[in-house]
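Below is one structure, written out as structure tokens; comments come after it.
The figures here come from the full heavy-atom set of this structure, side chains too, leaving out hydrogens, waters and symmetry mates. Residue numbers begin at 1 in each chain, while the letters A, B, ... track the order of the sequences. Quantities reported herein were computed from a predicted structural model and do not represent experimental measurements.
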Number of protein chains: 2
Amino acid sequence: MNISMKSRYAVRALTELARREEIAPGKPVRLGDIAESRDIPLQFLEQVFAALRRGGVVRSRRGAAGGYALARPAAEISVLEVVAALDGVPSPAECTQGLCERVDGCGASSVWIEAQQAVEKVLGGTTIGDLLTREDALRGRAPMYHI
Amino acid sequence: MNISMKSRYAVRALTELARREEIAPGKPVRLGDIAESRDIPLQFLEQVFAALRRGGVVRSRRGAAGGYALARPAAEISVLEVVAALDGVPSPAECTQGLCERVDGCGASSVWIEAQQAVEKVLGGTTIGDLLTREDALRGRAPMYHI
DNA sequence: GCATTTCCGATAATTCCAGTCAAGAATAGG
DNA sequence: CCTATTCTTGACTGGAATTATCGGAAATGC
């Protein structure tokens, strides 16, 4: 399974969300703002965040002055979690999910499993907080201390 | 980019090809035999092997008593090479291929790049010969010494 | 020449993806 | 209560990719 636009938009949007929460803590952020500043189609982003909410990544508040907030600190939300909520756990082949009927006698499945584990390790070891820090560095700003 | 059926068929088929070459060295193997023993649609396998030939993974001989042979020893053909010939180099997101227009300021691309490198390392470090050995072990056979 | 087998291009069925549309429900503020 | 705002949900669509299938052409061994 590949990593779709949904997941990529999500990671970008969550980084922006984390940034805005840092500036104005406790205040829900409107999707419209995120969509605009990161150049993401709003209505598509709505789908994405609905899935993120169901996945326990963000909290929402409806109505006027509503919006989204991270369910946990940015440093505790891994990229793997985000991808899993939108595309499922990324695996290069179905073999890795026990769907391969010829597990016995098919030495190939082991490669796909190892590849999947490698991806999980990378994505699971990186958090939205990390990305925010990297982004600060790329933009040449003084990095804030992300809690 | 994900790893499609083409690549998975290819890896299975190449393992079978390696096995048969080991038994009868120098003799081209018919696709029909591989398709039958590994339960792969023949005409689809033809497409796959045409791409493998163009990618320099296998050699072919046409006509009666023709067939396919590995272009190099099985221990020198990496899974990555096979996948690259069929699906392109597997990357979780296009960002990793320089197509991301906002590389500056997008801290996210680094994650996808790291994930891709992790996959490449696993797939590049495993050869068809390795898979043949693993398959022997799974089948409980005495493993041959694969050159 | 004939059977065999790779080679090649066109085509079709299905599924997936990215994005849009539209109606509905909750909330804040007046 | 009323209204504007914002999330919530599901259906829908156009296009692309995937997974084949079909038919024949070219090469080779006998």
Side-chain angles (χ1 to χ4, degrees), chain A residues 1-13 17 20 26-36 38-71 83 85-88 90-94 99, chain B residues 1-10 12-13 17 20 26-36 38-55 57-71 83 86-88 90-95 99:
Chain A
M1 180 173 298
N2 46 345
I3 292 171
S4 67
M5 287 303 291
K6 277 189 187 175
S7 290
R8 280 180 277 157
Y9 281 157
V11 168
R12 290 222 315 265
L17 177 53
R20 287 168 184 264
K27 187 180 156 200
V29 180
R30 278 179 296 152
L31 275 193
D33 290 345
I34 297 178
E36 189 184 8
R38 294 278 173 161
D39 201 32
I40 300 171
L42 172 58
Q43 295 189 311
F44 194 48
L45 199 58
E46 287 175 351
Q47 272 189 31
V48 171
F49 268 69
L52 289 177
R53 189 184 57 80
R54 287 190 290 270
V57 177
V58 296
R59 289 177 292 111
S60 67
R61 217 168 77 193
R62 289 205 201 181
Y68 283 94
L70 296 177
V83 173
L86 294 165
D87 290 328
S91 70
E94 281 84 25
L99 295 177
Chain B
M1 179 172 300
N2 46 347
I3 293 171
S4 66
M5 288 300 295
K6 275 188 188 173
S7 290
R8 280 181 278 159
Y9 281 158
R12 290 222 317 264
L17 175 54
R20 287 171 184 264
K27 188 181 157 201
V29 179
R30 278 178 297 150
L31 277 193
D33 290 345
I34 296 178
E36 189 183 10
R38 295 278 173 159
D39 201 31
I40 299 171
L42 171 59
Q43 294 189 309
F44 194 47
L45 199 58
E46 286 176 354
Q47 277 188 27
V48 170
F49 268 70
L52 289 176
R53 187 183 57 80
R54 286 189 291 269
V57 177
V58 296
R59 289 177 290 110
S60 66
R61 215 167 79 195
R62 287 209 203 180
Y68 284 94
L70 296 177
V83 173
L86 295 165
D87 290 328
S91 70
E94 281 83 24
C95 275
L99 295 177

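Although no hydrogens or angles enter the test, the distance criterion places a donor-acceptor pair under 3.5 Å between the side chain of A:R12 and the main chain of A:R38. No donor-acceptor pair under 3.5 Å is formed between the side chain of A:R20 and the backbone N or O of A:V29.
Listed pair B:R61 / D:dT28 fails the phosphate criterion, with no side-chain N or O lying under 4.0 Å from OP1 or OP2. For the pair B:S60 and C:dT5, the criterion of a side-chain N or O lying under 4.0 Å from OP1 or OP2 is not met.
Counting any heavy atom pair closer than 4.0 Å across all strands shown, A:R54 reaches sugar-phosphate atoms only and no base atom. Using a 4.0 Å heavy-atom distance criterion, A:G67 is classed as a sugar-phosphate-only contact. Using a 4.0 Å heavy-atom criterion, one finds that B:F49 contacts no nucleic acid atom at all.
For B:R53, the side-chain atoms get nearest to C:dC7 when compared with the rest of D:dT8, C:dC7, D:dT21. Comparing D:dT21, C:dT20, C:dC8 by their nearest atom to the side chain of B:Q47 picks out D:dT21. Distance from the side chain of B:R30 is smallest for C:dT6 among the nucleotides D:dC7, C:dT6, D:dC22.
The CE atom of B:M5 sits 8.0 Å away from the CD1 atom of B:I40 when rounded to the nearest 0.5 Å. Annotation: the span from B:Q47 atom CD to B:L86 atom CG amounts to 10.5 Å, rounded to 0.5 Å.
Between B:L86 atom CG and D:dT18 atom P the separation is 11 Å, expressed in whole Å. Between A:R59 atom CZ and D:dT6 atom C1' the separation is 16 Å, expressed in whole Å. At whole-Å resolution of the value, CG in A:D33 and P in D:dT6 are 8 Å apart. Distance CD (B:E36) to C1' (C:dT5): 16 Å, rounded to an integer number of Å. Between A:L42 atom CG and D:dT6 atom C1' there is a gap of 10 Å when expressed in whole angstrom units. Atom C1' of nucleotide D:dG15 and atom CE of A:M5 are separated by 15 Å, given to the nearest angstrom. Atoms NZ (B:K27) and P (C:dT6) sit 13 Å apart, rounded to a whole Å. Separating the OH atom of B:Y68 from the C1' atom of D:dT28 is a distance of 14 Å, rounded to the nearest angstrom.
Toward the 5′ end of DNA chain C lies the nearest nucleotide of A:F44, the other residue of the pair A:F44 and A:R62 mapping further downstream. Residues B:A64 and B:Y9 each lie close to DNA chain D; by heavy-atom proximity, the contact nearer the 5' end of the strand is made by B:Y9.
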Test log, rule side-chain contact (heavy atoms from CB on, under 4.5 Å), inputs A:F49 and A:L17: CA-CA 11 Å; A:F49 268 69; A:L17 177 53; 4.1 Å; yes
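No N or O donor and acceptor, one from the side chain of A:E46 and one from the base of D:dC7, sit under 3.5 Å apart.
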